[in-house]
Amino acid sequence: MATFLSKLGRLAFRRKGVTLLLWLLAFVGMGVAASSAPTPPADTFSMPGTESQEAFDLLTEKFPDASVDGATARIVVRAPEGTKITTPSTRSEVERLVTELGASSPQVVGVAAPYRSPAVSISEDGTTAYMVVTYKVPAPEVDDKAHDALDAATEQAREAGLTVEAGGDAVKIEQAMGGTGEQIGILVSAFVLVLTFGSMIAAGMPLITALVGVGIGISGITALGSTFGLSGTTSTLAMMIGLAVGIDYALFIVSRFRAERAEGRTPEEAAGRAVGTAGSAVVFAGLTVVVALAGLAVVNIPMLTKMGLAAAGTVAVAVLVAITLVPALLGLAPVKVMARKGRLRYAVKPLSDRQRRRAAQHEAKLARKTKPNLGTRWARYVLRHPVVVLLVGVIGLGTIAVPAASLELGLPGEGQMSTQTTQRKAYDLLSESFGPGFNGPLTVTVQTGSADSTEAAGAGTGAGAKAAGDEIGKALAKTPGVASVSPATANKAGDTAILTVVPTTGPTEKKTEELVHALRDTADDLERSTASRILVTGQTAMFIDFSQTLDDALLPYLALVVGLAFLLLMVVFRSVLVPLKAALGFLLSVAAALGAVVAVFQWGWLADVFGIDAPGPIMSTMPIFMIGVVFGLAMDYEVFLVSRMRESYAHGARPGEAVVDGFRYGGRVVGAAAVIMMSVFSGFIVEDNDFVKMIGFALAIAVLFDAFVVRMAIVPALFALLGRSAWWLPKWLDRILPRVDVEGEKLAATQPAPRSPRESTLIG
């Protein structure tokens, strides 16, 4: 592996013009393909095998004219203080609003006005009403004109003195993405890169190459969107993790190139060795990330599977960029990529007398400056106090992980949005006037005349669907936690009916989840007595099923990802204990990050500091996404840091010396990579949406724990305690495992010994 990648790196360095041209053609070609590709399909959310999805499919089949997949907007209107919604002047304004909404856009199918069914759409105190605007297209296809028309109609009603707010999936979600927080994160990243490398050129390379890789990956997703059913949101995870690993991979190779140059190798030799060693680590780190992302398929939710595979493809592009485009860019600036101080040591042109004197002075200064760097000092401290460092790290993370035992999963709803949004205001108005369960109604489908029910009843009873639905509704109304049940409505064929059940509790409350399970248990008993097929669905029920599906898949996903990564790392490091502690350390950092997220976002600790309006359940997709992203970064840090230790050990160093060498060359780079990722992820914490805050906080805190506590404290402490045993591998396993030579043992035998920097200057 190292030999092949070294040849590839040298080739890209020598043929930099051709390499850059090929990547430019790929970038432009993918951009053209994306711009000319058909519009990506709208998001289609499905959960095969769940009762909610089965009921939804039944509604689509039996009520084809109901536009069950069409977007809706709920407009909540409150009369001026001291009046009621039925006051003639107020009613006139509301009816005008209904007319405006009905004619606002060609995409509007109709408006359910409050005065047509006042028992349902006007509150008991008569101060509040709501109306439902139905669209003929799903939410992602509602165009800007329709959004603007809706906003204009509601604003006109406000000017007339009414309190008007809008909720539902047809209402545009205002998110200040890409704002000040993200800009600060990017600026911090640039500052850290400049501080790490001491060169603007070296600092810019990881950013440029990461953007190229992400650009090609996202363009590819867009170009193939209509072919493989990849919606616009499929690229979300790909962009996040592609940018993260892209910066890391380029950072590792540029750093290794500079280290090889400092040891006296010519630019081409340094590029080949950097790609052969650090590039090997990048390839295997990338493989572990691909495993983690492709493993999302075990969740059996098509949307997540597509997101995982798309992100895996973007990571693969990032790996290719790192091992080909990065050495080509190094070929353009082999001297300017070095730190500005002492750059004359690496000049490839003849030096003037003044430049020679400056170079000689710098050489003398370096010769006097023999103090070890921060990474070396820290590694030696850990080697002297391994037990203390290990106990502090494990106990500290274990304590932070305790709240994770109380993790409750849910999906984002309007009740968790910022109190400044119209969706949250509409949600609160409905809760106050109609009860908290009004925001999360359940839909119950009753099908008669099916094969199963016919066999049970002895004959088809399709015409009795409404009667069966009313009978079932009366039985369900007796279930504790039910506020009301609507009369049944049958389809044209008369074989299926639907009824709406309103809970007494809000959609994200635990009691609502318990109610859904209780209704399904009751439905099982009623199916036998009524010879009907009864299913419970609705947005709230789908959210509950989605959370349960993800909860059930979490452990199998972890087992798959950690198991396959264990095998890959065992091949890389030729050890059993090294991949074992890498996997256990990852699990510890993830548990601690989840504990911190639960404490802040679910329990409300420090809620004012982070600007959290409504602590509540943790977003169902957050743990899975966090595991995928953090696993990728954790394996990056593990492979890069430990591969330098393995390289030193393979070349004859003692275990303790190998740990010090790993930190001497890799500690600063891994620390810089972690700080960069933390600054980028932290930018999301200042966003208005609580769930965006949650993702940013979770990723930033997870990187903090994994990079600085696990990789830089617990890992070297374990190496100090295990000694040579850390690299133990059974002989029978050693014989069957393939040898990939990540540490570059063969390179040492095939490449000439490094020259001094001055000798390298004269030859280069």
Side-chain angles (χ1 to χ4, degrees), residues 50-70 72 74 112 114 116-122 130 132 134 168 430 434-450 452-453 456-457 461-507 511-545:
T50 63
E51 181 172 330
S52 294
Q53 185 63 46
E54 186 180 356
F56 184 83
D57 293 340
L58 179 65
L59 288 173
T60 304
E61 176 189 351
K62 298 296 183 179
F63 293 84
D65 298 329
S67 298
V68 292
D69 59 344
T72 58
R74 288 194 299 182
R116 296 177 184 174
S117 53
V120 176
S121 56
I122 296 179
Y130 77 93
V132 178
T134 305
L430 287 173
F434 296 92
F438 197 80
N439 283 293
L442 305 172
T443 301
V444 178
T445 66
V446 179
Q447 184 183 21
T448 60
S450 64
D452 294 339
S453 61
T461 55
K466 177 172 173 52
D470 288 333
E471 179 184 349
I472 290 167
K474 292 177 182 178
L476 295 178
K478 300 176 183 178
T479 306
V482 173
S484 64
V485 179
S486 71
T489 302
N491 64 344
K492 292 180 180 179
D495 62 351
T496 305
I498 58 174
L499 49 151
T500 301
V501 177
V502 178
T504 58
T505 52
K511 290 184 177 180
T512 304
E513 180 181 349
E514 294 172 354
L515 174 62
V516 170
H517 295 313
L519 290 175
R520 286 173 174 171
D521 291 339
T522 304
D524 290 340
D525 297 332
L526 291 173
E527 282 185 344
R528 291 187 290 271
S529 61
T530 61
S532 302
R533 180 186 178 205
I534 306 171
L535 302 171
V536 179
T537 188
Q539 187 180 62
T540 299
M542 291 193 76
F543 281 5
I544 292 170
D545 288 346

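Counting heavy atoms from C-beta outward, Asp57 and Gln53 have side chains that approach closer than 4.5 Å. Contact check for Leu499 versus Ser486: side-chain heavy atoms found under the 4.5 Å cut-off.
In this view, Asp470 and Lys466 satisfy the salt bridge (Lys or Arg N to Asp or Glu O under 4.0 Å) rule, not counting sequence neighbours. Residues meeting the side chain to side chain donor-acceptor pair (under 3.5 Å) test with Thr500, sequence neighbours left out: none. Every residue two or more places apart in sequence or in another chain that forms a side-chain contact (heavy atoms from CB on, under 4.5 Å) with Asp525 is listed here: Arg528. Applying the salt bridge (Lys or Arg N to Asp or Glu O under 4.0 Å) criterion to Glu54, with sequence neighbours excluded, gives Arg533.
A salt bridge (Lys or Arg N to Asp or Glu O under 4.0 Å) check over residues 536-545, counting only residues at least two apart or in different chains, returns the pairs Arg520-Asp545.
Between the Thr512 side chain and the Gly506 main chain, a donor and an acceptor come within less than 3.5 Å of each other. Proximity of a side-chain donor or acceptor of Glu527 to a complementary backbone N or O of Ile534 within less than 3.5 Å is detected.
Looking at every heavy atom in both residues, Phe434 comes nearest to Ile122 through CE2-C, 3.6 Å.
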Output side-chain donor-acceptor pairs under 3.5 Å for residues 471-483, partner residues at least two apart or in another chain, one line each.
residue, atom, partner, partner atom, Å
Thr479, OG1, Leu476, O, 3.0

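Few gaps surround CD on Glu51; more than 12 heavy atoms of other groups in view lie less than 6.0 Å from it.
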